[in-house]
Amino acid sequence: MHYQQAKQIIQTLLNKGLISPTEFKDIDSLNKQSFPPLLGPGNVDTSSLQS
């Protein structure tokens with residue numbers, strides 16, 4: 001949830017021209033390290049699911 005909030009903030013900054021696309025990518029990359037997305041391939045335990 002924190003990652004999504006942070007991404008919305010930097011998207012707004014990008015849209016207003018306050019940061020460059022390169023800065024957006026750099027900040028987003030750092031945010032992904034600090035705030036891993038809640039659901040992702042590595043965060044879902046599928047070991048108990050049956051085929």
Side-chain angles (χ1 to χ4, degrees):
M1 182 161 35
H2 293 289
Y3 168 74
Q4 290 300 325
Q5 291 172 332
K7 188 168 184 177
Q8 287 176 350
I9 292 169
I10 61 171
Q11 183 67 53
T12 299
L13 294 174
L14 177 65
N15 293 345
K16 291 183 177 186
L18 299 173
I19 61 174
S20 70
T22 301
E23 290 171 316
F24 175 87
K25 286 182 191 178
D26 291 345
I27 295 168
D28 189 48
S29 180
L30 290 171
N31 285 340
K32 284 179 183 177
Q33 294 173 18
S34 299
F35 310 114
L38 292 177
L39 292 178
N43 296 340
V44 178
D45 180 10
T46 58
S47 62
S48 64
L49 296 178
Q50 296 179 1
S51 303

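Predicted, not measured: the structure shown is a model, and the values here were computed from it. Atoms considered below: every heavy atom in the structure, side chains included; atoms not considered: hydrogens, waters and symmetry mates.
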Derivation and outcome, side-chain contact (heavy atoms from CB on, under 4.5 Å), residues F24 and Q11: CA-CA 7 Å; F24 175 87; Q11 183 67 53; 3.6 Å; yes

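- Atoms CD1 and CD1, on I19 and I27 in that order, are 4.5 Å from each other to the nearest 0.5 Å.
- Here the shortest heavy-atom pairing between N31 and A6 reads ND2-CB, 3.5 Å.
- Screening residues 9-30 for salt bridge (Lys or Arg N to Asp or Glu O under 4.0 Å) gives D28-K32 as the qualifying pairs, with residues at least two apart or on separate chains.
- Rounding to the nearest 0.5 Å gives a distance of 11.0 Å between OH of Y3 and CD of Q8.
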